[in-house]
Protein chains: 2
Amino acid sequence: MKLSNTLQRRIILEELRKLECHPTADELYEIVRKRIPQISLATVYRNLELLSEGGQVLKLQQTGKQKRFDGRVESHYHVRCASCGRVADIWDDEVIAVNRQLDVLVEKLGMEGYMLELNDRCEKCREKDEKPE
Amino acid sequence: MKLSNTLQRRIILEELRKLECHPTADELYEIVRKRIPQISLATVYRNLELLSEGGQVLKLQQTGKQKRFDGRVESHYHVRCASCGRVADIWDDEVIAVNRQLDVLVEKLGMEGYMLELNDRCEKCREKDEKPE
DNA sequence: CTCTTTTTAATAATGATTATCAATATTAAT
DNA sequence: ATTAATATTGATAATCATTATTAAAAAGAG
Ligand SMILES: [Mn+2]
Ligand SMILES: [Mn+2]
Ligand SMILES: [Zn+2]
Ligand SMILES: [Zn+2]
């Protein structure tokens, strides 16, 4: 089924690409709503799914966590906050190196792929640790 | 809060430990039901959660729809079937080596941990590939 | 045994995601 | 440009996994 060119789809991808962060569907919905106020959350979900099938969007999913989406599809790596679930890019040579090794290993074992995610606590959650009140 | 010794909790852990597979809460519920027919699914969920907090059970939150649980808590690694979501143990020296490296890296970066998921297709799904009808 | 605490079964509630569907928009064909 | 075929939308219902609630039962302490 060929994707047609709709305003909704275009804006969803456009707004996602503007973001440094990795929003959930509902976070992106709130942003897109500013430009298309009557858009439905289901439309955002539907399009993120289609775009990720088409390889224009990365879907970061883990059981028990809300899905998050990434407009950058070039190969790069992620850290997830262990307490709030937010995801950030990580640029660290050793992380890159381990991923390279995994590429090779997965290839050699004839597997489909892998998913490596580092866990940490994000800035915001660290601040809360300081002053818990 | 100290855990008391209930029949339900004991049997849940006992049955989980008997399994080679990594069941979802409802799969384990069906098994435990044979011994305690009136047990509730919520009890299974509650106890798996408590047992995993207590370190007697591993909770596997990988990609997929449902959490899976593991009665073996010694350090070991998993492959997940990309199509049905089933999880199996993997015993491969190189996989172990990469995990060791990740332990070190995570330690060095001062992070909380990591989640590495290897993806493949399980036997059952491979068979289906053969005769799709 | 008696009091206090914890757990249970049953079931309702929740939250994220997906499905349904009639109305509308996009694309392809004339 | 008109029309026919196809895809998409917004609204909302449904689903599914999981968690919360609660009165009754069981377990632990003394
Ligand atoms: Mn990213
Ligand atoms: Mn295992
Ligand atoms: Zn955080
Ligand atoms: Zn499978």
Side-chain angles (χ1 to χ4, degrees), chain A residues 1-16 22-54 56-70 80 83-87, chain B residues 1-16 22-54 56-70 80 83-87:
Chain A
M1 192 200 283
K2 190 158 164 292
L3 292 193
S4 44
N5 176 7
T6 68
L7 179 68
Q8 289 81 343
R9 188 139 52 225
R10 223 168 334 105
I11 306 258
I12 286 167
L13 185 55
E14 199 173 302
E15 291 299 326
L16 177 58
H22 302 76
T24 58
D26 58 297
E27 284 167 355
L28 189 56
Y29 167 63
E30 289 305 333
I31 292 167
V32 171
R33 225 134 82 93
K34 291 177 186 152
R35 295 179 61 186
I36 314 176
Q38 76 286 10
I39 198 172
S40 149
L41 176 57
T43 299
V44 175
Y45 268 107
R46 209 181 315 114
N47 280 299
L48 285 171
E49 195 56 44
L50 289 167
L51 289 166
S52 101
E53 280 165 21
Q56 305 180 75
V57 156
L58 230 70
K59 181 166 58 173
L60 310 171
Q61 63 184 136
Q62 216 179 305
T63 305
K65 307 275 164 61
Q66 252 188 98
K67 290 177 186 168
R68 290 180 172 270
F69 299 87
D70 192 337
R80 182 189 292 266
S83 59
C84 73
R86 262 183 281 258
V87 169
Chain B
M1 194 201 281
K2 190 158 162 292
L3 292 193
S4 42
N5 176 9
T6 69
L7 179 68
Q8 288 82 345
R9 188 135 56 223
R10 221 168 335 107
I11 307 260
I12 287 167
L13 185 55
E14 200 173 300
E15 291 300 326
L16 176 59
H22 302 77
T24 57
D26 58 297
E27 284 166 356
L28 188 56
Y29 167 63
E30 289 306 332
I31 292 166
V32 170
R33 225 133 85 93
K34 291 175 187 152
R35 295 178 63 184
I36 314 176
Q38 76 286 8
I39 199 172
S40 149
L41 175 58
T43 299
V44 175
Y45 267 107
R46 204 180 324 109
N47 280 299
L48 285 171
E49 194 54 46
L50 290 168
L51 289 166
S52 100
E53 281 165 20
Q56 304 178 76
V57 156
L58 281 181
K59 182 166 55 173
L60 309 174
Q61 301 211 47
Q62 306 191 324
T63 313
K65 301 230 156 105
Q66 292 176 261
K67 293 177 186 168
R68 290 180 175 271
F69 298 88
D70 192 338
R80 175 179 172 281
S83 61
C84 73
R86 263 184 281 259
V87 169

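Letters A, B, ... are given to chains in the order of the sequence lines, protein chains preceding strands, and every chain is numbered from 1. These numbers come from a predicted model, not from an experiment.
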**Q** May I ask you to say what A42(A) touches in the nucleic acid, namely base, sugar-phosphate or nothing, with a heavy-atom cut-off under 4.0 Å?
**A**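 Counting heavy atoms under 4.0 Å across all strands, the contact made by A42(A) includes a base.
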**Q** When you measure from the side-chain N and O atoms of K59(A) to the phosphate of dT17(C), is any distance below 4.0 Å, counting only OP1 and OP2?
**A**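 False: K59(A) side-chain N/O out of range (4.0 Å or more) of dT17(C) OP1/OP2.
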**Q** Judged by atom type as modelled, is there a donor-acceptor pair below 3.5 Å linking the side chain of R9(B) to the main-chain atoms of N47(B)?
**A**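 No; judged by distance alone, with no hydrogens or angles, the pair does not exist.
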**Q** Expressed in angstrom and rounded to an integer, what is the separation of I11(B) atom CD1 from dT7(C) atom C1'?
**A**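 About 15 Å, once rounded to whole Å.
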**Q** Check for a donor-acceptor pair, side chain of T63(A) on one end and backbone N or O of K67(B) on the other, with a separation under 3.5 Å.
**A**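 Answer holds: no.
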**Q** Using whole Å, what does the distance between atom P of nucleotide dA16(C) and atom OH of Y29(A) come to?
**A**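 One finds 14 Å between P of dA16(C) and OH of Y29(A), rounded.
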**Q** Testing R10(A), R33(A), R35(A), K34(A) one by one against E15(A) for a side chain to side chain donor-acceptor pair (under 3.5 Å), which residue passes?
**A**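 The option that passes is R35(A).
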**Q** To the nearest Å, how far apart are Q38(A) CD and dG10(D) P?
**A**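 Checked: the CD to P distance equals 6 Å.
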**Q** Give the residues of residues 43-50 of chain A touching DNA chain D, defined as any heavy atom closer than 4.0 Å, sorted by residue number.
**A**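 Listed by number, they are T43(A), R46(A), N47(A).
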**Q** Atom NZ of K67(A) to atom P of dA17(D): distance rounded to whole Å?
**A**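 Distance, rounded to whole Å: 13 Å.
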**Q** Would a distance-only check, ignoring hydrogens and angles, find a side-chain to backbone donor-acceptor pair under 3.5 Å from R80(A) to V87(A)?
**A**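 Answer holds: no.
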**Q** Can you check each nucleotide of nucleotides 25-30 of chain D against protein heavy atoms at under 4.0 Å and return B for base, S for sugar-phosphate only, - for none, in 5' to 3' order?
**A** --SS--
**Q** I'd like to know if the side chain of R68(B) reaches the main chain of H22(B), judged simply by a donor and an acceptor atom lying under 3.5 Å from each other, with no hydrogens or angles considered.
**A**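 A pair under 3.5 Å: yes.
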**Q** Separation of L41(A) atom CG from dA19(C) atom P, in whole Å?
**A**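 So the two atoms are 14 Å apart, to the nearest Å.
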**Q** Which whole-number value in Å describes the distance from I36(B) CD1 to dT8(C) P?
**A**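 It works out to 9 Å between those atoms.
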**Q** Between D26(B) and R9(A), name the one whose nearest nucleotide on DNA chain D is closer to the 5' end.
**A**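 Upstream on the strand: R9(A).
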**Q** Measure from the side chain of M1(A), starting at C-beta and using heavy atoms only, and say which of dA7(D), dT17(C), dG10(D) lies closest.
**A**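 Nearest to the side-chain atoms of M1(A), counting from C-beta on, is dA7(D).
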